[in-house]
There are 2 protein chains.
Amino acid sequence: MLSRREQDTYDFICNYINEHQQGPLLEEIAAGLGIKSKGVVHRYVKTLANAELIELISGRHRGIQLPSSEPVIDENAPVMPLLGRIAAGMPIEAIPDQNEINLADFFMGPGRFLLKVQGESMIEAGILPDDIVVIESCVTARNGEIIVALVDQQDATLKRFKNNQDGTVTLIPENHEMQPMIFESHRVHIQGVLVGQMRSYC
Amino acid sequence: MLSRREQDTYDFICNYINEHQQGPLLEEIAAGLGIKSKGVVHRYVKTLANAELIELISGRHRGIQLPSSEPVIDENAPVMPLLGRIAAGMPIEAIPDQNEINLADFFMGPGRFLLKVQGESMIEAGILPDDIVVIESCVTARNGEIIVALVDQQDATLKRFKNNQDGTVTLIPENHEMQPMIFESHRVHIQGVLVGQMRSYC
DNA sequence: TTGAAAGTTCTCTAAAAGTTCTCTATATTT
DNA sequence: AAATATAGAGAACTTTTAGAGAACTTTCAA
């Protein structure tokens, strides 16, 4: 986590490189932030380099760069062939421009985790008991998204989310045998939103 | 269970981080709750950290964070943390002896491929349009399995399989608006059986 | 090649923010 | 009535953040 002035320094560097296609001098950063000592700026710059937000070529004039993003190629990538669409019609209709799916790309991402589903409250959304759901951590959701919500710090459930804009929220099960539940907003804390689902039949 | 003011503090922190993308100062919380002493606020904050509702970077200014979804994900290995079961009950019930799922193990195997689902014929089995299904190639199936069947070398469909033992088979859609179809066995060729299913909400 | 310009490393200062106390008061429970 | 949990004030202290500036080393261009 960056302090205020570290953040300022980072913002300045990004803007500068954007405009000039080269890194700023320490003294330019200092002037830009209203700091008189380049030693101070150098301290911030080193912190940013440490956090790998920038790259620093030691000693070099204007040796501040944005990090070179080298795409890492995974040798044994979890890639499976995607043959086509299945339904009535031709035996199997090919899908143009997509002939494989990378499972990692499909499901994985920062802040994501899995939960096993218990109960039938989301059955009409195609989420069955013992399915695995992929959740991305966050604290807010848009209306209509399916979320993991913690009510009163006690009960975690998977439900469709609706903010009623009057200090209450509604958690909607996708099962016509169950009723939507209305809670005061402060009782409901969002743990994450649903981004994927998977099921094994073995 | 949290006391009233602890709950207030937690709500304030969540809202603050939501709006500002950074943690609040103790004095900002104090002002927000109408408390004059930052010592008091610090006591509440420590309780929340203790309950692991927030994370506290000791000493740091604005060092209040929402809990980092701890399990750090290695982008290169198709392994994701499996946190537990979700439903009513405890916040999240841990699953003993299984805390991660390897996507490759979960889905991949020799002779397996993917198909994208078109149509709603299997909707009551939790298989929706645009879902991806994992199929394992084979030429026979047991009753009750969901298979990819090719009828008259022309029409490939995903249906539940039943061998009637009288020279006919029944292909059963999981949608009460559609009718099961009976074919003479020689007209139906099994392409593979359903072993997995996945869906992305992004 | 050489000197100005730029980067690096330091020490020092001060304000801001977090931490740890003690003290008080009011409910609520036993 | 005593014990306990909750709620708040505020003082004293430590650590972090922010900045100034001096001394030094390295880079780079005339």
Side-chain angles (χ1 to χ4, degrees), chain A residues 1-17 19-68 152-154 184 186-187, chain B residues 1-17 19-68:
Chain A
M1 226 249 284
L2 300 181
S3 73
R4 184 173 56 88
R5 293 307 255 169
E6 285 161 359
Q7 185 70 54
D8 292 346
T9 305
Y10 180 62
D11 292 342
F12 183 92
I13 289 170
C14 290
N15 289 334
Y16 190 99
I17 292 179
E19 278 180 43
H20 301 82
Q21 326 304 333
Q22 61 175 351
L25 300 177
L26 292 183
E27 288 182 355
E28 289 170 335
I29 301 173
L33 303 189
I35 296 171
K36 284 172 190 157
S37 160
K38 60 179 175 173
V40 173
V41 173
H42 184 258
R43 203 166 61 218
Y44 295 149
V45 163
K46 270 215 303 194
T47 305
L48 295 176
N50 235 43
E52 297 186 348
L53 290 171
I54 60 172
E55 260 174 31
L56 202 49
I57 304 175
S58 188
R60 281 273 275 285
H61 297 188
R62 300 186 183 278
I64 297 174
Q65 299 180 339
L66 296 181
S68 52
D152 292 336
Q153 244 75 111
Q154 278 197 43
E184 293 162 61
H186 70 86
R187 294 178 61 194
Chain B
M1 200 49 174
L2 300 179
S3 73
R4 182 174 57 87
R5 292 308 255 168
E6 285 161 357
Q7 184 70 56
D8 292 347
T9 305
Y10 181 61
D11 291 341
F12 183 92
I13 289 169
C14 289
N15 289 333
Y16 190 100
I17 291 178
E19 278 179 43
H20 301 83
Q21 326 304 333
Q22 63 175 353
L25 301 177
L26 291 182
E27 288 181 355
E28 289 170 335
I29 301 173
L33 302 190
I35 296 171
K36 283 172 190 158
S37 161
K38 60 179 175 172
V40 172
V41 174
H42 184 258
R43 201 167 64 219
Y44 296 148
V45 163
K46 269 215 303 194
T47 305
L48 296 176
N50 235 42
E52 296 188 350
L53 291 171
I54 60 172
E55 257 174 34
L56 202 50
I57 304 175
S58 187
R60 281 275 274 284
H61 297 188
R62 300 186 182 277
I64 297 174
Q65 301 180 337
L66 296 180
S68 52

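So that the names make sense, note that chain A is the first sequence line, chain B the second, and so on, each numbered from 1.
In plain terms, the two heavy atoms of A/Met1 and B/His61 that are nearest each other are CE-O, 4.2 Å. Heavy atoms only, all atoms of each residue included: A/Leu48 and A/Thr9 are closest at CD1-CG2, 4.0 Å. When all heavy atoms of A/Pro67 and A/Glu55 are compared, the closest pair comes out as CA-OE2, 3.8 Å. When all heavy atoms are compared, the tightest approach of A/Glu28 to A/Phe12 is O-CZ, 3.5 Å.
Residue B/Arg5 places none of its side-chain N or O atoms closer than 4.0 Å to OP1 or OP2 of D/dT6. The phosphate of C/dG7 (OP1 or OP2) has no side-chain N or O of A/His42 nearer than 4.0 angstrom. Phosphate contact (OP1/OP2 of C/dG7, side-chain N/O of A/Ser58, threshold under 4.0 Å): absent. Between D/dT17 and A/Tyr44, no contact under 4.0 Å exists linking OP1 or OP2 to a side-chain N or O. Within the structure, a side-chain polar atom (N or O) of A/Lys46 is placed less than 4.0 Å from OP1 or OP2 of C/dT9.
Distance B/Leu26 CG to D/dA9 C1': 15 Å, rounded to the nearest Å. Atom CZ in B/Arg60 sits about 12 Å away from atom P in C/dT19, given to the nearest Å. If you measure from atom CD1 of B/Ile57 to atom P of D/dT16, you get 12 Å, rounded to the nearest angstrom. When rounded to the nearest whole Å, the span between CD of A/Gln7 and P of D/dA18 equals 11 Å. Between the CD1 atom of B/Ile54 and the P atom of C/dG18 there is a distance of 12 Å, rounded to whole Å. Atoms CD1 (B/Ile64) and P (D/dT16) sit 16 Å apart, rounded to a whole Å.
For the pair B/His42 and B/Lys38, the minimum side-chain heavy-atom distance is 4.5 Å or more. Proximity of A/Ile35 to A/Arg5: side-chain heavy atoms (C-beta onward) are separated by under 4.5 Å at one or more points. When side chains are defined from C-beta on, A/Ile64 counts as touching A/Val45, because their heavy atoms get closer than 4.5 Å.
When each of B/Gly39 and B/Ser3 is assigned the nucleotide of DNA chain D bearing its nearest heavy atom, the one mapping closer to the 5' terminus is B/Ser3. Where A/His61 and A/Glu6 each meet DNA chain D at their nearest nucleotide, the meeting point lying more 5' is that of A/Glu6. Two residues, A/Arg62 and A/Val40, neighbour DNA chain C, and the one matched to the more 5' nucleotide by heavy-atom proximity is A/Arg62.
Across all strands, A/Leu25 comes closer than 4.0 Å only to sugar-phosphate atoms, never to a base (heavy-atom distances). Here A/Arg43 lies in heavy-atom contact (under 4.0 Å) with a base.
Scanning residues 28-38 of chain B for heavy-atom distances under 4.0 Å to DNA chain D yields B/Ile35, B/Lys36, B/Ser37.
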